[in-house]
Amino acid sequence: MAFVRDKIMEMLSLAIAPLLESANNPSLIPPSIELTTPKATQHGDYATNAAMTLTRVLKRNPREIAGEIIAHLEDTHGILERTEIAGPGFINFFVKPQAWLGILHEILTDPLHYGRQNLGLGKRVQVEFVSANPTGPLHIGHGRGAATGDVLARILSACGYLVDREYYINDAGNQMNTLGASLYYRYQELLKESVEFPEGHYQGEYMKELAREFFEEVGERYSKVPLEEALPHFSRYTGERILKGIQEDLDAFGIRFDNWFSEQGLHDAGVIEKTIEELREKGYIYEHEGATWFRSTEFGDEKDRVVVRANGISTYFAADLAYHKNKFSRNYDLLVDIWGADHHGYMERMLAGIQAMGRNRRDLQIILVQLVNLLRGGKPVAMSTRAGEFVTLKEVVDEVGKDAARYIFLTRRSDSPLDFDLDLAKTQSNENPVFYVQYAHARLCRVFEVARERGFSFQWSPLQMEECMQRLNLPQEAMLLKMLGEYPATLASSARSLEPHQIPYYLHELVSNFHSYYNQNRILGDDFQLSKARLCLAAAVKEVIANALHLLGVDAPHRM
RNA sequence: GCGCCCGUAGCUCAGCUGGAUAGAGCGUCGGACUUCGAAUCCGCAGGCCGCAGGUUCGAAUCCUGCCGGGCGUACCA
């Protein structure tokens, strides 16, 4: 109960309890209490709409209820300056400036741990993301999915979930043969004058490069070998090489997976048939016009879906059903799938699938990531996936750096399309959001360097600092302390709604408050006690910035 | 046709489990460096929250219809 917010929540719950009892209706579920931070300062530091939501239950006028809540409210922690009833029935809380100081203690005793909490109660979560087909290098759109999945995993982990990251490799089916054949033709091109490159194959530049490397390894050994005979080797070789490239690109982007799951493995183990049989026993499978269907309409899908085609070959969806069944069998409480938004039409059947397996619909959360419009200097960069011409994740990371790329990917809700301007991501100016935040951190580091040069030996220790912290009584200082205190709530909200973008928004606001404070006030001055106090505050701001950046997988530089 | 997502400041977007006067960045214009990093800060301007109804004490937020945009709509993966 260290934070002001928690203390008020606690006091408020206690004050409301007697009102609910007096309502003489034990079946009543207490409405969820909301404690918001009002935009306007005259509305206090915190406000609750509790009285208004209680009108429905208690059938009385909200201002009257608010009065009773306040009457029952005991300021056991001695943190409230005053409370008031305002507007239609808000209760506004005005916090004593001194009450905020406890946050410094909280942050500085264990900076990296600050904000961590046990929201997840140790529940096991799997986040599956990227899962791009191993038929070519990752492009920029995959990068956004990668950043989203990775940061979501970090956030959930910080909030007390046990998280695994997984990549599903679509290494089964005909596309791997097509891939192998593509290499075969490019290889033949290197040996002969001209080769007809057939339609529908992977014709990107990366395949030509791969062919050259392959040629250097094997020479002309396969020049006379017919396609059918060479194909298995070519397919395996291409698949492995491309997957390796994907792994390297992700590594450079700061992303590691706990598990790489092969679709082919499901086929080999016969789990797909088994899954279909299990669903058949439950009555969700039927035959129609030579094909085998899954009754997904049972769970709200608009039509039933084919799992085994009339030609006897199972569909991709069938493998996905088996895959998700496998995930649940590994004892995850919650599955998070990160998909490209163009797959949204697939959602309902997948949700139907897990419900048919006896799972709750909520046990699978599907996050849709919208596409990235790549710009350069404000103008769209032409991309055509069909012709195999696209800007790869590697190119972007090489050009703008991991930090800028990750940060920009996360500055929007994932289901909103994103404009990514390569020039802007590189400019080291105020147009670039990541530098704004990193600059604040570097600036703070510099303050501590200067402090040392001037003989301040800043070392956090609660007893020593408590006295001078009382000097922090500027409104701006209270504001900063309060924002620092809101970090855990922001993290929790981000985890609950599975929305990583809340972190960059919080960071920007915190940093903006800091820059403003910094420009108006001097941290190091003639007043030794005051300087010491402000160094405490500065240290806390620096730590929370670093903490949040770390959560985003972005560096917090000491110099820029 | 049907389904999903989206229409908020000139531009790009937050805010959406209903709450007080709708916010930020960029851009425009005007200010602040003898002082810890001006990659910063301060200020001005900018809005029928796509349109029309409905529910409510209260709607950008929920419901319905319409208009406009994106995506999906395979016995492809």
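All values reported here derive from a predicted model rather than from experimental measurement. In what follows, every heavy atom counts, from backbone to side chain, and hydrogens, waters and symmetry copies are set aside. Below, chains carry the letters A, B, ... as their sequence lines are ordered, and counting in each starts from 1.
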Please identify each residue that fulfils ring-ring contact (aromatic ring centres under 6.0 Å, His included) with F528(A), with sequence neighbours left out.
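For F528(A) the ring-ring contact (aromatic ring centres under 6.0 Å, His included) partners, ignoring immediate neighbours, are F456(A).
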Looking at residues at least two apart in the chain, or sitting in another chain, which of them share a ring-ring contact (aromatic ring centres under 6.0 Å, His included) with H324(A)?
none
[atom1]-based separation of [M] from [N] [nearest Å]:
N: rA14(B); M: rC2(B); atom1: P; value: 28 Å
N: rC41(B); M: rC33(B); atom1: C1'; value: 11 Å
N: rC51(B); M: rC71(B); atom1: P; value: 25 Å
N: rG31(B); M: rG50(B); atom1: C1'; value: 38 Å
N: rU56(B); M: rC13(B); atom1: C1'; value: 30 Å

Is the distance from OP1 or OP2 of rA77(B) to the nearest side-chain N or O of Y316(A) less than 4.0 Å?
no
Taking OP1 and OP2 of rC41(B), is either one under 4.0 Å from a side-chain nitrogen or oxygen of Y436(A)?
yes
Taking the six-membered ring where the residue is Trp, are the ring centres of F129(A) and Y168(A) under 6.0 Å apart?
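Ring-ring flag for F129(A)/Y168(A): false, centres at least 6.0 Å apart.
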Residues in side-chain contact (heavy atoms from CB on, under 4.5 Å) with L510(A), at least two apart?
L480(A), M483(A), L484(A), Y506(A), V544(A), I545(A)
E273(A) meets the side-chain contact (heavy atoms from CB on, under 4.5 Å) criterion, sequence neighbours left out, with none
If you pin I91(A) and A310(A) to their nearest nucleotides in RNA chain B, which one's is more 5'?
I91(A)
Taking for each residue the nucleotide of RNA chain B with the nearest heavy atom, is it I523(A) or V308(A) whose nucleotide lies nearer the 5' end?
I523(A)
Distance under 6.0 Å and angle within 45° of the ring axis: does K327(A) meet both against F261(A)?
no
Can H43(A) be called stacked on rA20(B) when the rule is centres closer than 5.5 Å and an angle between planes below 30°?
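Here the ring of H43(A) and the base of rA20(B) are stacked, with centres under 5.5 Å and planes under 30°.
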Tell me what A47(A) touches on the nucleic acid: a base, only sugar-phosphate, or nothing, going by heavy atoms under 4.0 Å.
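If one applies the 4.0 Å heavy-atom cut-off, A47(A) turns out to touch a base.
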Would you classify F448(A) as touching base, sugar-phosphate or nothing, given that sugar-phosphate means primed atoms plus P, OP1 and OP2, and contacts are heavy atoms under 4.0 Å?
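Counting heavy atoms under 4.0 Å across all strands, no contact is made by F448(A).
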hbond_proxy D171(A) side chain to rA77(B) base (donor-acceptor, 3.5 Å cutoff)
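Check fails, no donor-acceptor contact within cut-off.
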With respect to the side chain of R443(A), which nucleotide from rG25(B), rC36(B), rG37(B) is positioned closest?
rG37(B)
Can you tell me which stems RNA chain B forms, taking runs of 3 or more consecutive Watson-Crick or G-U pairs with both distances under 3.5 Å?
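If one scans RNA chain B for consecutive Watson-Crick or G-U pairs, the stems found are B:1-5 with B:69-73, B:10-13 with B:23-26, B:29-32 with B:40-43, B:50-54 with B:62-66.
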Any chance you could list the contact pattern along nucleotides 4-14 of chain B? Use B for base contacts, S for sugar-phosphate-only contacts and - for none, protein heavy atoms under 4.0 Å, 5' to 3'.
B-------SSS
